[in-house]
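If you read the sequence from its start, that first residue is 1, and numbering goes on from there.
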Amino acid sequence: MNSSDLTVTVLPFEIAWSDRDYNLRKVEEMLGKIPDGTDIFVLPELFSTGFISDHETVAEMAETTSETTIETVRSWARQRNAAFAGSFLCRVGSRFYNRAFFIEPGGDEVYYDKRHLFSISPENKLLQAGRERCPVIRFRGWNVSLAVCYDIRFPVWCRNVGMLYEVMLVPANWPEARAYAWKHLLIGRSIENEAYYVGANRGGSDDYGRYDNLSFIFDPAGRPVGTSVGETCAITATLDRKLLEEMRRKLPVGADAENFDICDL
């Protein structure tokens, strides 16, 4: 592996509804089966609770960034000398957010609140939409961004203005009933933004459907690059910087794209 490359591992698993302790233990078990060498681990959307559809349980399960879920993620990052990304059910005062995180082993942390809440579910009634653009994080020589699940249906939101990001991480709970859309949205976003796209879906099933085998890693040409890790359900890929740079050099779509601001935040 070239020292400038980046290894990303997705950890899909069957999330137990509203059972934080079980879900954290499940991730611990998966991590114990994965060899060293990963730079970024990506967990599914709302990995420690699953999607909760009633206000009382949301209020009970939501946490601040100084409580169990994020403290545990911090410990994983230190232990594995790797960054961890995903999303969790976050409480800020009396408001609740589907909050994505990027936790680095050295202690740096970046958060992003899901902007597009799924209006045909209770999500947009229970949670607050984010008011900030997808962040761009510099990590081990790469520019990494975060979006959450439904966000990727909105190409303007994900638009790589100025070609600022090279990798987009997308934690998700995307059921197989809409699997074709999920896969092809990831492919389309990777192609139009000339970036690696990592779709970290949950596994198993819940009241909204089944989720297995719907985690993907696509290169900037929309080609799948993820492979399974041993006997686990994890998938991993080493992202090739030379491939990315050569593609952007030969086909500089960013130079022909419009620059714009989103004004309604």
Side-chain angles (χ1 to χ4, degrees), residues 6 8 10-11 39-51 58 62-67 69-74 76-77 82-93 95-119 123-124 126-140 142-174 182 185-186 189-190 193 195-202 215 217 261-265:
L6 190 78
V8 177
V10 177
L11 300 175
D39 295 294
I40 302 174
F41 289 96
V42 192
L43 296 158
E45 178 184 23
L46 299 173
F47 85 98
S48 61
T49 60
F51 178 71
V58 166
E63 300 173 90
T64 68
T65 57
S66 57
E67 294 184 78
T69 292
I70 295 300
E71 286 288 5
T72 302
V73 174
R74 290 183 182 117
W76 292 336
F84 277 74
S87 90
F88 78 112
L89 185 58
C90 181
R91 181 180 68 253
V92 180
R95 296 187 172 190
F96 306 102
Y97 296 87
N98 186 338
R99 178 161 288 183
F101 55 82
F102 190 90
I103 307 293
E104 298 186 28
D108 290 338
E109 302 176 1
V110 174
Y111 296 95
Y112 160 78
D113 294 327
K114 184 179 181 181
R115 169 66 173 178
H116 299 91
L117 303 179
F118 199 44
S119 60
E123 185 180 38
N124 72 332
L126 296 170
L127 308 181
Q128 297 290 315
R131 303 295 296 176
E132 302 292 336
R133 291 297 309 273
C134 299
V136 177
I137 305 145
R138 188 70 174 173
F139 181 70
R140 295 185 178 171
W142 289 71
N143 292 333
V144 180
S145 190
L146 290 170
V148 180
C149 200
Y150 191 43
D151 282 333
I152 68 159
R153 280 194 181 266
F154 304 92
V156 172
W157 190 251
C158 299
R159 182 66 173 274
N160 200 0
V161 177
M163 305 303 281
L164 289 179
Y165 68 81
E166 296 158 328
V167 184
M168 175 66 84
L169 309 178
V170 190
N173 280 202
W174 201 294
W182 164 241
L185 285 165
L186 288 167
R189 297 293 90 86
S190 66
N193 293 301
Y196 287 94
Y197 261 65
V198 180
N201 208 42
R202 62 162 290 173
S215 289
I217 304 174
D261 292 317
I262 294 177
C263 300
D264 65 343
L265 292 176

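- Closest heavy-atom contact between Cys134 and Ala147: SG-CB, 4.2 Å.
- Note: Phe84 and Trp76 have tilted aromatic rings, judged against thresholds of 30 and 60 degrees for the angle between ring planes.
- For the atom pair CG (Leu169) and CZ (Phe41), the distance works out to 13.0 Å, reported to the nearest 0.5 Å.
- For the atom pair Asn98 CG and Asp113 CG, the distance stands at 8.0 Å (nearest 0.5 Å).
- Side-chain contact between Arg99 and Leu127: absent, with no pair of heavy atoms (C-beta onward) separated by less than 4.5 Å.
- Partner Val8 forms a side chain to side chain contact (heavy atoms under 4.5 Å, CB included) with one of Val144, Asp39, Val198 and no other, that one being Val198.
- Residues Trp142 and Tyr196 have side chains in contact (heavy-atom distance under 4.5 Å, counting atoms from C-beta outward).
- Closest of all the heavy-atom pairs between Cys158 and Ile152 is SG-CA, 3.8 Å.
- Residues Leu43 and Phe88 are not in side-chain contact: their nearest non-hydrogen atoms beyond the backbone lie 4.5 Å or more apart.
- When all heavy atoms of Ile103 and Ala77 are compared, the closest pair comes out as O-CB, 3.9 Å.
- Across all non-hydrogen atoms, the minimal contact from Gly199 to Val10 is O-CG1, 4.4 Å.
- Nearest heavy-atom pair, Ala82 versus Pro105, reported as atom, atom and distance to 0.1 Å: O-CD, 3.4 Å.
- A donor-acceptor contact shorter than 3.5 Å links the side chain of Ser87 to the backbone of Leu46.
- Proximity of a side-chain donor or acceptor of Arg115 to a complementary backbone N or O of Gly130 within less than 3.5 Å is detected.
- The structure places NZ of Lys114 at 9.0 Å from OH of Tyr150, a figure rounded to the nearest 0.5 Å.
- Between Phe139 and Phe102, a ring centre-to-centre spacing shorter than 6.0 Å is recorded.
- Using modelled atom types, no side-chain atom of Arg95 and backbone atom of Gln128 make a donor-acceptor pair closer than 3.5 Å.
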| task | List the steps, then state whether side-chain contact (heavy atoms from CB on, under 4.5 Å) holds for Arg133 with Ile262. | result | CA-CA 9 Å; Arg133 291 297 309 273; Ile262 294 177; 3.4 Å; yes
| query | What do the steps show when you test Phe51 against Cys149 for side-chain contact (heavy atoms from CB on, under 4.5 Å), and what is the final call? | reply | CA-CA 12 Å; Phe51 178 71; Cys149 200; over 6 Å; no
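- Scored by the side-chain contact (heavy atoms from CB on, under 4.5 Å) test, Leu164 finds Val136, Asn160 as partners (sequence neighbours excluded).
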| side-chain contact (heavy atoms from CB on, under 4.5 Å) between Asp151 and Val170, worked out | CA-CA 9 Å; Asp151 282 333; Val170 190; over 6 Å; no
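- Between the CD atom of Glu45 and the CG atom of Asn201 there is a distance of 8.5 Å, given to the nearest 0.5 Å.
- Shortest non-hydrogen contact noted between Val148 and Ala100 is CG2-CB, 3.8 Å.
- Glu63 is linked by a salt bridge (Lys or Arg N to Asp or Glu O under 4.0 Å) to Arg20, counting only residues two or more places apart in sequence or in another chain.
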| Can you list the steps and then say if Phe47 with Val73 is a side-chain contact (heavy atoms from CB on, under 4.5 Å)? | CA-CA 11 Å; Phe47 85 98; Val73 174; 3.9 Å; yes
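- From Glu166, atom CD reaches atom CG of Leu6 across 9.5 Å, with rounding to the nearest 0.5 Å.
- Residues that satisfy the ring pair (Phe, Tyr, Trp, His ring centres under 6.0 Å) test with Tyr112, not counting sequence neighbours, are absent from this structure.
- The line from CZ of Arg202 to CG of Asn173 is 5.5 Å long, rounded to the nearest 0.5 Å.
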